[in-house]
Amino acid sequence: MADPTRHSGIPSGSPSGASFIRGDDYLLAIAIDEYDKEKPLNNCVRDVTRLVNVLKNQYGLLEKNITPLYNKDARPAI
């Protein structure tokens with residue numbers, strides 16, 4: 001039986017026989033609705049929040065590996 005902790009990106013029968021150990025998945029989620037000099041957007045934060053939830057709930061992405069940056073937290077300090 002195949003080892004579920006290993007993932008090979010090389011087709012079977014590859015001469016190198018190389019395989020890769022699967023590591024942890026991380027997500028940096030950035031969304032900005034609020035701007036100082038522009039009309040605000042309505043859906044960026046909502047859409048990214050939904051995406052984060054899908055990745056957590058349906059794909060098992062760990063909360064500790066998610067860094068969300070929304071609005072003021074996502075903008076550089078100038």
Side-chain angles (χ1 to χ4, degrees):
M1 177 178 262
D3 181 353
T5 63
R6 296 182 68 80
H7 170 74
S8 173
I10 299 173
S12 60
S14 169
S16 71
S19 62
F20 303 95
I21 297 174
R22 181 173 155 82
D24 294 332
D25 295 318
Y26 292 86
L27 174 66
L28 173 60
I30 300 172
I32 302 173
D33 281 338
E34 302 167 1
Y35 292 90
D36 292 333
K37 298 178 183 177
E38 299 293 330
K39 181 179 170 185
L41 301 175
N42 297 317
N43 299 323
C44 295
V45 172
R46 183 194 70 188
D47 291 347
V48 170
T49 301
R50 287 179 176 176
L51 173 64
V52 167
N53 288 330
V54 166
L55 293 173
K56 285 189 323 187
N57 299 327
Q58 295 182 16
Y59 294 94
L61 186 63
L62 299 176
E63 182 79 36
K64 70 177 187 170
N65 294 346
I66 300 171
T67 303
L69 297 175
Y70 301 133
N71 293 315
K72 290 183 181 181
D73 293 334
R75 296 185 308 183
I78 297 176

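Nothing here was measured: the structure is a model prediction, and the numbers come from that model.
None of Val52, Asn53, Leu27 except one satisfies the side chain to side chain contact (heavy atoms under 4.5 Å, CB included) rule with Leu61; the exception is Leu27. When the options Val45, Val48, Asn71, Leu41 are evaluated for a side chain to side chain contact (heavy atoms under 4.5 Å, CB included) with Ile32, the one that passes is Asn71.
Both Tyr59 and Ile66 belong to a common hydrophobic cluster when Ile, Leu, Val, Met, Phe, Trp and Tyr are linked at side-chain heavy-atom distances under 4.5 angstrom.
To the nearest 0.5 Å, atom CD1 of residue Ile30 and atom CG of residue Asp73 are 11.0 Å apart. Atoms OH and NZ, from Tyr35 and Lys72 in turn, are 14.0 Å apart once rounded to the nearest 0.5 Å. Distance check: Lys64 NZ to Asp24 CG gives 6.5 Å after rounding to the nearest 0.5 Å.
Scanning for side-chain hydrogen bond (donor to acceptor under 3.5 Å, both in side chains) contacts around Gln58 gives an empty result, with sequence neighbours left out. With sequence neighbours left out, Asp36 forms a salt bridge (charged side-chain N to carboxylate O under 4.0 Å, His left out) with Arg75.
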Exercise. Between Leu51 and Asp47, does a side chain to side chain contact (heavy atoms under 4.5 Å, CB included) hold up when you go through it step by step?
Worked result: CA-CA 6 Å; Leu51 173 64; Asp47 291 347; over 6 Å; no
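Under the 3.5 Å distance criterion, the side-chain polar atoms of Asn65 are matched with a main-chain donor or acceptor of Asp25.
Taking a cutoff of 4.0 Å between a charged side-chain nitrogen and a carboxylate oxygen, Glu63 and Lys56 qualify as a salt bridge.
The minimum heavy-atom distance linking Cys44 with Ala31 is given by the pair O-CB, 3.5 Å.
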